[in-house]
Amino acid sequence: YALSGLKWHKTDLTWSVHSYPSPSQSPNLPDILVDNILRSAFKAWSNVAPLNFRHVATDSGGTAAGGDIRVSFNRLFHDDGYPFDGQGGTLAHAFFPGSAEVAGDTHFDDQEVWSYGGDSSSTDLFAVAVHEFGHALGLSHSSSDPSIMKPYYQGGVGDIVNFQLAVDDKLAIQQLYGVRDTAPSDGGDPHLPRLPSPPPPRPTQLSDPSFNERCQGGFDAVANIRGEVFFFKGAQFWRTKRDGSLVSNRPAQIQNFWMGLPPQTNKIDAVYERKSDSHIIFFIESQYWVFKDTEAMSGYPRPLSDWGMMRRNGQPVDKVEAAFIWAHNGKTYLFSGGEFWRFDESQKRQGVHIQPESGYPRDNSLWAGVPSHMDDIISWGEGDAYFFKDNFYWVLKNGGLNQEVVTPQSTAVDWLRCPAPPAEPTPVDPRFPKQCNCELNR
Amino acid sequence: ITSAQSDQYSKAMDWLGRYGYLPPPDPRTGNLHTKEGIEQAIRVMQRFGGLQETGVLDSETIRLMSARRCSLPDIIGSEDRLRRKRRRRRKR
C-alpha cells in the first residue's frame with residue numbers, strides 16, 4: 001500500500017452530500033439510495049479502523065452543508081483545478097486530509113452512469129466511493145492486487161453489505177489510524193447539525209509583464225513537441241500543455257533552453273518533432289538543426305539544400321516557413337513561398353538525406369480555407385491540422401483538405417490563456433459597404 | 001505513423017504527466033522530457049499497472065491508459081522526493 005503522508009488528527013469525522021447524480025444520467029439512483037451507498041462505503045473503512053463517520057444533512061435549500069468530507073457530483077470544470085472529462089476516463093477524485101478547506105472533499109463525475117450493482121455499461125458507485133474515501137482518509141494509489149486502492153476501475157464488488165477490504169487496504173488504514181477493537185457506530189445521528197456553506201472561490205489576480213507580447217499573437221513558429229505546443233516569438237517561447245494550461249505565463253528564452261542554436265537567434269522559422277526518432281528539427285533561414293531533446297546534435301547546422309526542395313521556377317528553397325507532420329498520413333510537410341513539399345521520413349536511412357516525394361512542390365491553395373502564407377502548422381487533438389497565422393488559427397479536420405467552411409479562431413484566447421476581447425459590432429464588408437452582413441436571413 | 005498512433009503519442013504524454021509518471025515541467029527551468037525519460041515513465045506505468053515492462057506504447061498499455069480510473073495521480077511528489085534526496089547528498 002501507499003500512504004499520502006497526510007491523515008486526520010481526529011477519528012470522529014462528518015460527511016455531507018452537496019449534490020446528487022443527475023436523474024437523467026443515473027436514473028436508478030434516488031438520493032436516499034446514494035446516501036446509503038456512501039454510508040456503506042464509509043463503513044468499509046470504519047469496520048477495520050477506529051473511525052466514526054457521521055452524516056450531516058443539507059439545509060432546506062439543499063446547499064448549505066459542511067462536514068469534513070463533502071461529497072458532490074460535478075461535471076467537467078468544477079472550480080477545483082481537476083476537471084472531469086465526460087463519460088468514461090476519469091470517474092472521481094478526492095482530496096487528502098489536512099487543514100485546507102477542500103481537504104477530504106470527494107467529487108464524482110456526474111456524466112458517468114452511476115449504478116448500484118449495475119452491469120459493465122454503468123459504474124458501480126459503491127466501489128468508486130470506497131476507493132475515493134480511501135484517499136479522503138490519507139491513502140494513495142496501490143499497485144497491489146487485490147486492493148480497492150488500485151487506480152483503475154475494477155467493476156462492482158458484489159454484496160456491499162458484506163464487503164470487506166483487502167489485506168493491503170486494511171494494513172494501510174490501520175497504519176494511519178490503528179486497529180478497531182469495538183464495533184463501529186452506524187453513522188446515524190438524530191441531531192443533524194447545519195453548517196455554513198464555504199465561501200465562493202476567489203480567482204487569483206496575477207500581474208504578467210509579458211502579457212501583451214503573448215496575447216497579440218504573430219508567432220514565428222508553432223510546434224507540437226512531446227505532446228506540448230510551443231509558441232516561438234523572437235528570442236522567446238511559451239508552452240501550452242495538452243490540458244490547455246501554460247507551463248508559465250512568462251516566456252522562456254530560446255537560448256537558455258535549446259542548446260546549440262546561434263547566440264544571436266531571435267527568430268525561428270519553423271520547428272517540428274520527427275516521429276521516427278523523436279528528434280526535433282529547427283529551421284532558421286537557409287539552415288536547419290537537428291536536436292536530440294534540448295541539445296543540437298553534432299554536425300549541425302546543415303544547409304537547407306539537404307532537403308532537395310526546388311521551386312517550380314527552378315530556384316532552390318532558401319527558407320522554410322512552416323513544417324508539420326500530418327497525423328492523417330504520417331508524412332512530413334514543409335512550406336515555403338506559397339508552395340509545399342511532402343516527405344516520407346519513415347524511409348529515412350542513417351546518413352542519407354531525404355528527398356521530397358515526386359509531384360512536389362504543390363500550391364498552398366490546395367489547403368482550401370486557410371491562409372496560403374501561414375506562420376506554422378501542427379497536428380493536434382484527434383489528428384486535426386491546425387494552421388496558425390497572426391493571432392488566429394484554422395482547423396482542418398482529420399484528413400480534410402478541402403472543407404467547405406473553416407472558421408478562424410483566436411490563438412490568444414484558446415491557446416495562450418488571454419482574455420477574450422470585448423465584443424464588437426460585426427464589421428462591414430469593405431467591398432460591399434451598404435450590404436447587410438447577416439447570414440441567418442441573408 | 002497513422003493518425004491514430006500520432007494522437008496516441010500525444011495523449012500518452014498527457015496521461016503520463018497527469019498521473020505522476022512524468023514530472024511536470026519546472027516553470028523555472030522548463031526541462032523538456034527526454035526520449036529515455038518517456039520510455040522509463042512508460043515502464044513504471046506498466047509495472048504499476050501489472051503489465052509487461054516494454055517501455056513502448058503497446059496495445060495493452062494503450063488499453064490500460066483508456067480504462068476508467070480515479071483522477072488522482074499514481075505517483076505523487078516524485079520530484080520533491082528527488083530534490084530532498086539531492087539536498088541531503090549535497091549536505092553529506
Side-chain angles (χ1 to χ4, degrees), chain A residues 2 4-5 82 84-85 88-94 96 107 109 112 123 128 131-132 135 140-141 143 145 150-153 224-228 239 241-243 247-248 250 252 256-258 275-280 292-294 325-331 346 379-383 398-399, chain B residues 1-39 41 44-51 53 56-57 63-78 80-81 84:
Chain A
S4 66
Y82 300 90
F84 285 126
D85 54 2
T90 55
L91 301 176
H93 51 240
F96 293 128
H107 302 160
D109 186 346
E112 305 298 335
T123 305
V128 177
H131 175 102
E132 297 306 333
H135 289 313
S140 280
H141 281 153
S143 59
D145 194 12
K150 286 180 77 172
Y152 305 100
Y153 177 64
N224 174 1
I225 301 172
R226 309 282 202 266
E228 297 175 14
R239 286 163 75 174
K241 292 188 277 183
R242 195 178 172 92
D243 65 5
V247 170
S248 170
R250 295 170 190 276
N256 293 345
F257 190 86
W258 301 100
K275 291 296 171 225
S276 55
D277 54 11
S278 293
H279 288 168
I280 301 150
K292 182 181 186 298
D293 303 323
T294 56
I325 293 181
W326 201 11
H328 160 64
N329 57 12
K331 302 277 177 81
S346 63
S379 274
W380 190 249
E382 305 296 325
N398 188 358
Chain B
I1 304 166
T2 63
S3 160
Q5 281 173 321
S6 174
D7 187 44
Q8 272 160 7
Y9 175 74
S10 248
K11 280 183 175 162
M13 292 290 301
D14 176 53
W15 193 100
L16 291 167
R18 186 179 300 238
Y19 296 117
Y21 294 100
L22 275 176
D26 185 326
R28 288 161 302 173
T29 61
N31 291 334
L32 189 72
H33 298 306
T34 62
K35 192 178 174 218
E36 290 77 12
I38 294 167
E39 282 172 8
V44 176
M45 175 267 171
Q46 289 167 330
R47 193 186 317 146
F48 201 101
L51 303 180
E53 289 178 47
V56 296
L57 285 176
R63 187 191 58 77
L64 195 58
M65 284 179 169
S66 326
R68 287 183 274 178
R69 61 162 292 152
C70 171
S71 44
L72 256 60
D74 301 338
I75 313 288
I76 293 172
S78 55
D80 292 341
R81 274 202 296 275
R84 279 201 297 273

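FYI, side chains are in, hydrogens and waters are out, and symmetry mates aren't considered; it's all heavy atoms of this structure.
Closest approach of Glu36(B) and Lys292(A) over heavy atoms only: OE2-NZ, 3.2 Å. Here the closest non-hydrogen pair linking Ser143(A) and Phe48(B) is CB-O, 3.4 Å. Heavy-atom minimum distance, Arg68(B) versus Gly88(A): CG-CA, 4.1 Å. Between Ser278(A) and Lys35(B), the closest heavy-atom pair is CB-CD, 4.0 Å. Among all heavy-atom pairs drawn from Ser10(B) and Asn224(A), the shortest one is OG-ND2, 3.7 Å.
Partners of Phe96(A) by ring-ring contact (aromatic ring centres under 6.0 Å, His included), not counting sequence neighbours, listed by chain and number: His135(A). For Phe84(A), the ring-ring contact (aromatic ring centres under 6.0 Å, His included) partners two or more places apart in sequence, or in a different chain, are His78(A), His93(A).
Leu64(B) touches chain A through backbone and side chain together, each having a heavy atom under 4.5 Å away. Only the backbone of Ala94(A) comes within less than 4.5 Å of a heavy atom in chain B; its side chain stays farther off. With a 4.5 Å cut-off on non-hydrogen atoms, Lys150(A) does not touch chain B at all. Residue contact with chain B, scored on non-hydrogen atoms closer than 4.5 Å, involves the backbone of Asp277(A) exclusively. Contacts between Tyr82(A) and chain B at a heavy-atom distance below 4.5 Å are absent for every atom of the residue. Both the backbone and the side chain of Thr123(A) come within contact range of chain B, judged by heavy atoms closer than 4.5 Å. For Ala252(A), no part lies near chain B; criterion is any non-hydrogen pair under 4.5 Å.
We find the CD1-NE2 distance between Ile75(B) and His141(A) to be 10.5 Å, quoted to the nearest 0.5 Å.
By number of non-hydrogen pairs under 4.5 angstrom with chain A, the leading residue of Leu72(B), Leu22(B), Thr34(B) is Leu72(B). Across Gly381(A), Gly5(A), Ser4(A), the residue that shares the most heavy-atom pairs under 4.5 angstrom with chain B is Gly381(A).
Between the side chain of Arg226(A) and the backbone N or O of His33(B) there is at least one donor-acceptor pair closer than 3.5 Å.
The shortest side-chain heavy-atom distance between Tyr19(B) and Thr90(A) falls under the 4.5 Å cut-off.
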